[in-house]
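If you scroll down you'll find the structure; I have some questions about it.
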Amino acid sequence: MLRVDDLHVFYGPIHALKGVSLAVEEGEIVTLIGANGAGKTTLLRAISGLTPPRRGTIHFQGRSLLRRLPEDIVRLGVSHVPEGRRIFANLTVQENLELGAFLRNDRAELARDLQRVFDLFPRLRERLHQLAGTLSGGEQQMLAIGRALMARPRLLLLDEPSLGLAPLLVRTIFDVIREINGQGTTILLVEQNAHMALSVAHRAYVLETGRIVLEGPAEALRQSEAIRAAYLGGQ
Ligand code: ATP
């Protein structure tokens, strides 16, 4: 479904991605793990058209995503939940969710999709008319994911959804990720919480300073000594 080949991204003189190749098949949860600064966010930004690569290719369902506007990439079926949530703090929960659907004109379907988001995150229904900026960190993450789902993505890019959340909420977010995938949405998940990411994903890639150094079934990586030592705190 998604195929990235030999991708190179630069920030001025900084060579952030040095020939990254990866694939995500329809129906999968694939996770990309790696330390701070490895290039995980950069890869998601390149896929969604926010940071153009200097070299390499990105294909989604057979079409190149290069030189397309971010909103055209959303239209093709790729939604990105950025790190740090980036919800609109002075709009209500409802307004934030409606904005997620701004590219769609099938208004009749919107109510159904709102319902789906509320089924995934009942807390959002309770907070519908509250300003998003007054939500807790966990609720803001729910809203950011809900907003992305309102665009009806086929592929959801999630950047560090568990960052800064209490352990109980981390569990809730990962349960919902599994559920969204079960409903048919393919997911590429960037995480520093390797333990949770590997427990929810089918396959995983490990990124180190701009290069993929390891890939395989998530369960196999979870058992790997090298991964345990480097990313799972030796657990
Ligand atoms: P984090 O989890 O901290 O976001 P990451 O794995 O997502 O880490 P990136 O944010 O993709 O890593 O950063 C990869 C490299 O590119 C780092 O060396 C970072 O300092 C650099 N970088 C990222 N964004 C910029 C930018 N806008 N300008 C210059 N350098 C940048």
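All residue numbers refer to positions in the sequence shown, counting from 1. For ligands, and for the atoms within them, numbers begin at 1 and follow the listed sequence.
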CA sep, side-chain torsions, deciding dist, call: Arg68, Leu76, side chain to side chain contact (heavy atoms under 4.5 Å, CB included): CA-CA 10 Å; Arg68 286 187 198 262; Leu76 287 175; 3.7 Å; yes

Can you sort out which atoms of ligand 1 are near Ile14, meaning under 4.0 Å from one of its heavy atoms?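 It comes down to these atoms of ligand 1: 30 (N).
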
What do you reckon, does Ala38 have a nitrogen or oxygen under 3.5 Å from a nitrogen or oxygen of ligand 1? yes

Of the side chain and backbone of Thr41, name the one, both, or neither that has a heavy atom under 4.0 Å from an atom of ligand 1.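 Looking at Thr41 and ligand 1, atoms from backbone and side chain both fall under 4.0 Å.
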
Only one of Arg54, His15, Lys18 passes side chain to side chain donor-acceptor pair (under 3.5 Å) with His8; say which it is.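 By the side chain to side chain donor-acceptor pair (under 3.5 Å) criterion, His8 pairs with just one of Arg54, His15, Lys18: His15.
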
What atoms in ligand 1 come closer than 4.0 Å to a heavy atom of Glu160? 2 (O)

Over 12 non-hydrogen atoms of neighbours within 6.0 angstrom of CZ in Arg154: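 No - once you tally the heavy atoms of other residues, nucleotides and ligands closer than 6.0 Å, there are 12 at most.
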
Sub-4.0 Å atoms of ligand 1 with respect to non-hydrogen atoms of Gln192: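 Ligand 1 atoms under the 4.0 Å threshold to Gln192: 2 (O).
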
For atom 31 (C) of ligand 1, what is the nearest protein heavy atom, given as residue, atom name and distance?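 Checked against all protein heavy atoms, atom 31 (C) of ligand 1 sits closest to Tyr11 CD1, 3.3 Å.
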
Looking at atom 1 (P) of ligand 1, what's its closest protein heavy atom, distance included? Asn36 OD1, 3.5 Å

With heavy atoms of Ala35 as the reference, note each atom of ligand 1 found under 4.0 Å away.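 Going through ligand 1 atom by atom, the ones under 4.0 Å from Ala35 are 6 (O).
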
Exceeds 12 heavy-atom contacts within 6.0 angstrom, atom CG of Leu69: yes

Sub-4.0 Å protein heavy atom next to atom 19 (C) of ligand 1: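 Not a single protein heavy atom is under 4.0 Å away.
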
I'd like the name of whichever of Ala46, Pro13, Gly210, Gly37 reaches closest to atom 15 (C) of ligand 1 through any heavy atom.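 It is Gly37 whose heavy atom sits nearest to atom 15 (C) of ligand 1.
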
Check whether any protein heavy atom sits under 4.0 Å from atom 4 (O) of ligand 1.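 Flag for atom 4 (O) of ligand 1 set to true, protein heavy atom closer than 4.0 Å.
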
Atom CZ of residue position Arg75 - does it have more than 12 heavy atoms of other residues, nucleotides or ligands inside 6.0 Å? yes

Contact atoms of ligand 1, heavy-atom distance to Thr42 under 4.0 Å: 9 (P), 11 (O), 13 (O), 14 (C)

Minimal non-hydrogen separation, Met150 against Leu97, with atom names: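 Answer, listing the atom of Met150 first, then Leu97: CG-O, 3.4 Å.
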
Closest to atom 12 (O) of ligand 1 among protein heavy atoms sits Gly39 N, 3.1 Å

Pick one of side chain, backbone, both or neither for how Arg45 approaches ligand 1, counting any non-hydrogen atom pair under 4.0 Å. neither

Rounded to the nearest 0.5 Å, how far apart are OG of Ser21 and CG of Asp6?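 So the OG of Ser21 and the CG of Asp6 are separated by 5.5 Å.
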
Should Val200 and Leu155 be regarded as members of a common hydrophobic cluster, given that ILVMFWY residues are connected when their side-chain heavy atoms come within less than 4.5 Å of each other, either directly or indirectly?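 Result: no, two separate clusters.
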
Quick one: does Gln141's side chain get under 4.5 Å of Val81's, heavy atoms only? yes

